[in-house]
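Notes for the one structure printed next.
Values below: all heavy atoms of this structure, side chains included; hydrogens, waters and symmetry mates excluded. Quantities reported herein were computed from a predicted structural model and do not represent experimental measurements.
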Amino acid sequence: MSKDQTVPFQTTLHVRDHCLCLHVQRAARALARRFDEALRPADLNNGQFSLLMSLNRPVPPSLGSVANLLAMDRTTLTANLKPLERRGLVTVAADPSDRRSRLLSLTALGHAALLTALPIWKRTHAEVELDLPPPGADSLRSALHALT
């Protein structure tokens with residue numbers, strides 16, 4: 001390959017400075033680390049907290065609906081459920097109306113874990129929102145929602 005067939009370094013700098021995907025990924029990783037650290041005393045990470053919270057419903061949701069809510073494929077969701085199941089925080093059961101479908105439920109221990117983690121999440125979330133420059137969290141949420 002000749003030098004004429006390489007991407008100029010200026011292009012690399014442009015992508016680094018303008019790529020929305022890169023900036024969102026970096027921000028997501030930084031937020032994930034911040035919430036992982038904060039939730040450590042509750043023995044949860046941010047993904048587990050979000051997963052448990054997504055199950056906090058009056059009627060047990062299907063695996064597919066939770067996967068859709070969390071923007072995760074079913075295989076990844078199943079893998080993420082396994083440690084929570086082993087800890088007794090969630091149950092996975094066949095749907096009585098469709099034995100091929102699975103319903104997900106929080107156990108009493110799962111509800112207790114959420115009760116422990118929720119004040120930590122609220123405090124950390126408030127700190128993150130305060131760190132955002134104007135126009136603030138609502139504007140960021142709106143912009144991110146437009147991408148989904």
Can you check side chain to side chain contact (heavy atoms under 4.5 Å, CB included) on Val128 and Phe35, steps first, answer last? CA-CA 10 Å; Val128 168; Phe35 278 93; 4.0 Å; yes

Check [X] against [Y] and note the closest heavy-atom contact, atom names and distance.
| X | Y | result |
| --- | --- | --- |
| Arg74 | Gly64 | NH1-CA, 3.3 Å |
| Pro41 | Glu37 | CD-O, 3.9 Å |
| Leu132 | Ala137 | CD1-CA, 3.7 Å |
| Ser139 | Pro135 | OG-CG, 3.3 Å |
| Leu70 | Ser54 | CD1-OG, 4.0 Å |

Tell me whether Arg141 at atom CZ has more than 12 heavy atoms from other residues, nucleotides or ligands lying less than 6.0 Å away. yes

Over 12 non-hydrogen atoms of neighbours within 6.0 angstrom of CG in Leu20: no

Tell me whether Leu44 shares a hydrophobic cluster with Leu109, the cluster being built from Ile, Leu, Val, Met, Phe, Trp, Tyr side chains joined at under 4.5 Å. yes

With hydrophobic residues grouped by side-chain heavy-atom distances under 4.5 Å, do Leu31 and Met72 end up in a single group? yes

Heavy-atom side-chain contact between [X] and [Y] under 4.5 Å:
| X | Y | answer |
| --- | --- | --- |
| Leu55 | Pro61 | yes |
| Leu114 | Asn56 | yes |
| Arg57 | Val66 | yes |
| Phe49 | Asn45 | no |
| Leu89 | His111 | no |
| Leu52 | Leu106 | yes |
| Arg102 | Asp95 | no |
| Glu85 | Thr91 | no |

Could you walk me through whether Leu103 and Val92 pass side chain to side chain contact (heavy atoms under 4.5 Å, CB included), step by step? CA-CA 6 Å; Leu103 297 178; Val92 180; over 6 Å; no

Mind running salt bridge (Lys or Arg N to Asp or Glu O under 4.0 Å) on Asp43 and Arg87 for me, showing each step along the way? CA-CA 11 Å; Asp43 198 25; Arg87 289 175 55 190; 3.2 Å; yes

Under the side chain to side chain donor-acceptor pair (under 3.5 Å) test, which residues partner His23, sequence neighbours left out? none

Hydrogens and angles aside, do Asn68 and Ser65 bring a side-chain donor and acceptor to less than 3.5 Å of each other? no

Between Asp36 and Asn46: side-chain donor-acceptor atoms closer than 3.5 Å: yes

Begin with the C-alpha distance, continue with both residues' side-chain angles, and end with the deciding distance and a verdict on side chain to side chain contact (heavy atoms under 4.5 Å, CB included) for Leu22 and Val15. CA-CA 9 Å; Leu22 173 63; Val15 170; 5.7 Å; no

Only pairs at least two apart or in different chains count here, so list each side-chain hydrogen bond (donor to acceptor under 3.5 Å, both in side chains) that has a residue in residues 112-125. His125-Glu129

Does His145 have any ring-ring contact (aromatic ring centres under 6.0 Å, His included) partners at least two apart in sequence or in another chain, and if so, which? none

Going through the distances and angles, do Thr107 and Val90 end up as a side chain to side chain contact (heavy atoms under 4.5 Å, CB included)? CA-CA 5 Å; Thr107 64; Val90 301; 5.6 Å; no

